[in-house]
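Numbers here are sequence positions counted from 1. For ligands, and for the atoms within them, numbers begin at 1 and follow the listed sequence.
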Amino acid sequence: MFEFSLLGLCATTLSLVAAAPGQLPSSSQLAAPEIAKRCVNSASDRSCWGDYSLSTDYYDIDAVPDTGVVREYWFNVENGTAAPDGIERTVLTVNGSVPGPTIIADWGDTVVVHVTNSMQNNGTGIHFHGVRQLNNTQNDGVPSITQCPIAPGDTLTYTWKATQYGSSWWHSHFYVQAWDGVLGGILINGPATANYDEDLGNLFLMDWSHNTADQVLLTATFSDTAVVMPTSLINGTNVYNNSGVEVGSRFETTFEAGKKYRLRLVNSGASNHFRFMIDNHTMEVISADFVPIHPYNTTDLSIGAGERYDVVVTASSQEGGNFWMRSIPQTNCTKTTNVNDVLGIVRYTASSANSSTAADADSAATSLPTTTAYAYTDTCADEDPANLVPYLVSDPAVTYDVRDDEVTAVINGDVVSWTMGGSSFQVDWANPSLQQVLDADNSGVATNWTADQHALVLPNANKWVYMYIQTTSAQAHPIHLHGHDFWVLASGWGSYATVNPALSFTNAPRRDVAMVPGDGYLVIAFLTDNPGTWLLHCHIAWHTSEGFAMQIIERESEILPMIDEDQMNSTCANWDAYANIDDVVQWDSGV
Ligand SMILES: *[C@@H]1O[C@H](CO)[C@@H](O)[C@H](O)[C@H]1NC(C)=O
Ligand SMILES: *[C@@H]1O[C@H](CO)[C@@H](O)[C@H](O)[C@H]1NC(C)=O
Ligand SMILES: *[C@@H]1O[C@H](CO)[C@@H](O)[C@H](O)[C@H]1NC(C)=O
Ligand SMILES: *[C@@H]1O[C@H](CO)[C@@H](O)[C@H](O)[C@H]1NC(C)=O
Ligand SMILES: *[C@@H]1O[C@H](CO)[C@@H](O)[C@H](O)[C@H]1NC(C)=O
Ligand SMILES: *[C@@H]1O[C@H](CO)[C@@H](O)[C@H](O)[C@H]1NC(C)=O
Ligand SMILES: *[C@@H]1O[C@H](CO)[C@@H](O)[C@H](O)[C@H]1NC(C)=O
Ligand SMILES: *[C@@H]1O[C@H](CO)[C@@H](O)[C@H](O)[C@H]1NC(C)=O
Ligand SMILES: *[C@@H]1O[C@H](CO)[C@@H](O)[C@H](O)[C@H]1NC(C)=O
Ligand SMILES: *[C@@H]1O[C@H](CO)[C@@H](O)[C@H](O)[C@H]1NC(C)=O
Ligand SMILES: *[C@@H]1O[C@H](CO)[C@@H](O)[C@H](O)[C@H]1NC(C)=O
Ligand SMILES: *[C@@H]1O[C@H](CO)[C@@H](O)[C@H](O)[C@H]1NC(C)=O
Ligand SMILES: [Cu+2]
């Protein structure tokens, strides 16, 4: 196992020579004349990255760094108990904690993750959210799409290259297991569009129930009851008012006046949409998902399930010494009983807090903040697209090659099911799409995708695909595409056909999750530049399980040579054996 340092260390070392973080360059390497020209990443110039930079086209595999460094992790998925907010319940952990270990790498490294399923009663599969997986669909970690579930007792190894840099998370894509705790951070060091002194790492914002996600899903789906989440956590912790007794503890972090801190916000929740802020502190937003943007300042930030934003917060000298950090569930699309008590604390170090006496300083170190929230509008709309301007310009074609789709909400009696383009998604754990593609290629008999498998088959390379996602229900939905960033050409309230909005083709926001507003539309574009089987779905946990998904079968004829069939077959054989013996019943969508 490697030892990692979270701070700028990796960045600075790598920019000198292509050496592993923490490994000092030899004097001969430093003496080489061409190395002297290289840009050095430091607190005062985060845009530097050795021979690479913010202008490097990270979609071009030949342009991105190839460090030769391998980051290897061993994840053990287990069943246990924990009390993140002071209320003990069953949780599923990776290496004993929620969140599990953070994957830390430098841009251009290779990441290897060995996942062992040590649970008794569930399969699993780990998805590396937002990671492009170029020519690497088998490592996307989605049971029913790219693999069979990993059976109890089995181990599967995922390997992928960090061609992008920035912040994300990994999570189980089996059933609703992620929201029982099978999740953790991804942090890829690279250049940034604003300077900062310290990288505080990923900060998870997550709604939390005292029942297992499995129980919540059953209620949501079969009793026609809207899910009400009792509370939410900040980085895996919060207090809870347990019938008048406050239990649990709050997330706290320490600022030193004069320093700038980078926070990597991740909404890892099942359904809540959050508005994040730190009282009396403006945030400078530097990236949306894995896409660095031109920085903009805001006092509050809207973040949907699956979305990420990196922010730089300046700790100026403030009287009082401590401030509330807030993750406020947005009632516009979220049902929660705890809107105002999802709080963390930012404390200034005694030496830097502007307090005139030692007693003031002591009290600042322990007392609760008394600060007030910034005013905000309660909505689940994404950040203003005018602010989400990618640093690296990469524009879509003005005309499309393929145009698809529509989504509507359908409620059948007691059972909630969602449809996209008329079908409620239903795929089979034991027969993943990728396996079907291999079978078709091996046998020469094409797969006939069923309506429930909702496959958008895209055989041609480098074509522009436009999708119009329209919802006629009041709820907003975070839409996530695997294997690609997409361009957000338009979004808004009302009917797309009626509004007929202008599409934005000039440096539009680009990312891997975007909100379709309630009773509204989202228009996205992506390029068929990555052969594979890729899921497109609503990231609200219950909706994915209830069939709000479809899949893209991209450039099928190129997939076979990149597949490790032994690995595919062995995972499936172990799953079949387990599923037969234990009579596993799949009732959800399969994703
Ligand atoms: C996780 O646990 C495994 C043993 O189950 C251990 O080998 C590995 O080093 C741990 N990984 C991390 C990142 O803690
Ligand atoms: C976790 O353990 C509980 C209690 O033994 C059991 O009921 C449950 O099925 C287990 N869950 C998984 C996913 O193995
Ligand atoms: C997963 O485990 C939960 C208990 O933790 C159980 O209720 C559920 O049925 C299991 N699901 C599958 C598909 O095995
Ligand atoms: C992807 O794989 C195909 C077939 O193996 C190969 O021809 C192509 O060059 C690869 N593309 C990249 C970007 O690696
Ligand atoms: C949140 O928790 C993760 C995982 O334990 C950790 O890596 C990260 O540094 C924490 N974030 C902050 C801002 O403290
Ligand atoms: C805590 O819960 C109790 C009983 O449920 C209630 O009376 C009290 O007002 C709550 N306190 C706060 C601060 O919300
Ligand atoms: C925080 O901002 C409010 C409103 O601008 C101001 O009244 C207050 O003095 C500030 N508090 C601190 C500790 O800076
Ligand atoms: C954001 O605010 C900080 C502090 O006032 C300032 O230094 C920075 O230049 C601002 N950034 C932008 C993009 O306006
Ligand atoms: C501390 O606060 C006082 C009064 O608000 C102010 O005059 C002084 O400049 C502050 N000191 C620093 C170091 O910010
Ligand atoms: C959400 O906000 C929008 C705009 O303010 C409003 O039109 C819509 O009715 C709200 N939806 C819900 C469910 O509150
Ligand atoms: C798909 O349908 C065609 C035409 O109906 C048929 O010839 C073919 O055998 C089917 N393929 C499979 C894999 O079922
Ligand atoms: C994997 O299984 C398929 C049947 O599903 C078979 O056609 C193929 O030959 C197997 N591949 C290997 C490498 O064993
Ligand atoms: Cu949804």
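- Contact atoms of ligand 7 toward F323: 13 (C) (distance under 4.0 Å to a heavy atom of the residue).
- Looking only at atom types and distance, the side chain of E546 has no donor-acceptor partner in the side chain of S589 under 3.5 Å away.
- No cation-pi contact links R510 to F486, judged by a cut-off of 6.0 Å to the six-membered ring centre and 45° from its axis.
- Side chain to side chain, H129 and D512 meet the donor-acceptor criterion of an N or O pair below 3.5 Å.
- Listed by chain and residue number, the protein N/O/S atoms under 2.8 Å of the Cu ion (ligand 13) are H477 ND1, C538 SG, H543 ND1, with waters left out.
- The shortest N or O to N or O distance between N280 and ligand 7 is under 3.5 Å.
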Please produce the table of protein N or O atoms sitting under 3.5 Å from N or O atoms belonging to ligand 2, one pair a line, distance to 0.1 Å.
{"from": "ligand 2", "atom 1": "2 (O)", "to": "N79", "atom 2": "ND2", "distance (Å)": "2.3"}
{"from": "ligand 2", "atom 1": "9 (O)", "to": "N121", "atom 2": "ND2", "distance (Å)": "2.6"}
{"from": "ligand 2", "atom 1": "11 (N)", "to": "N79", "atom 2": "ND2", "distance (Å)": "2.8"}
{"from": "ligand 2", "atom 1": "14 (O)", "to": "N79", "atom 2": "ND2", "distance (Å)": "3.4"}
{"from": "ligand 2", "atom 1": "14 (O)", "to": "Q120", "atom 2": "N", "distance (Å)": "3.3"}
{"from": "ligand 2", "atom 1": "14 (O)", "to": "Q120", "atom 2": "OE1", "distance (Å)": "3.2"}
{"from": "ligand 2", "atom 1": "14 (O)", "to": "N121", "atom 2": "N", "distance (Å)": "2.9"}

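- Of the possible polar contacts, one joining the N117 side chain to the M119 backbone as a donor-acceptor pair under 3.5 Å is found.
- Side chains of S167 and R308: a donor-acceptor N/O pair is absent below 3.5 angstrom, by distance only.
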Sequence neighbours excluded and cut-off under 3.5 Å, please list the side-chain donor-acceptor pairs for residues 86-94, or say none.
{"from": "R89", "atom 1": "NH1", "to": "S209", "atom 2": "O", "distance (Å)": "2.9"}
{"from": "R89", "atom 1": "NH1", "to": "N211", "atom 2": "O", "distance (Å)": "3.0"}
{"from": "R89", "atom 1": "NH2", "to": "D180", "atom 2": "OD1", "distance (Å)": "2.6"}

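- The neighbour count for N340 CG, taken as heavy atoms of other residues, nucleotides or ligands under 6.0 Å away, does not exceed 12.
- Applying the side chain to side chain donor-acceptor pair (under 3.5 Å) test between H210 and each of T231, D85, N242 identifies D85 as the sole match.
- A donor atom on one side chain and an acceptor atom on the other are not found under 3.5 Å apart for S433 and T533.
- Q426 is linked by a side-chain contact (heavy atoms from CB on, under 4.5 Å) to D452, Q586, counting only residues two or more places apart in sequence or in another chain.
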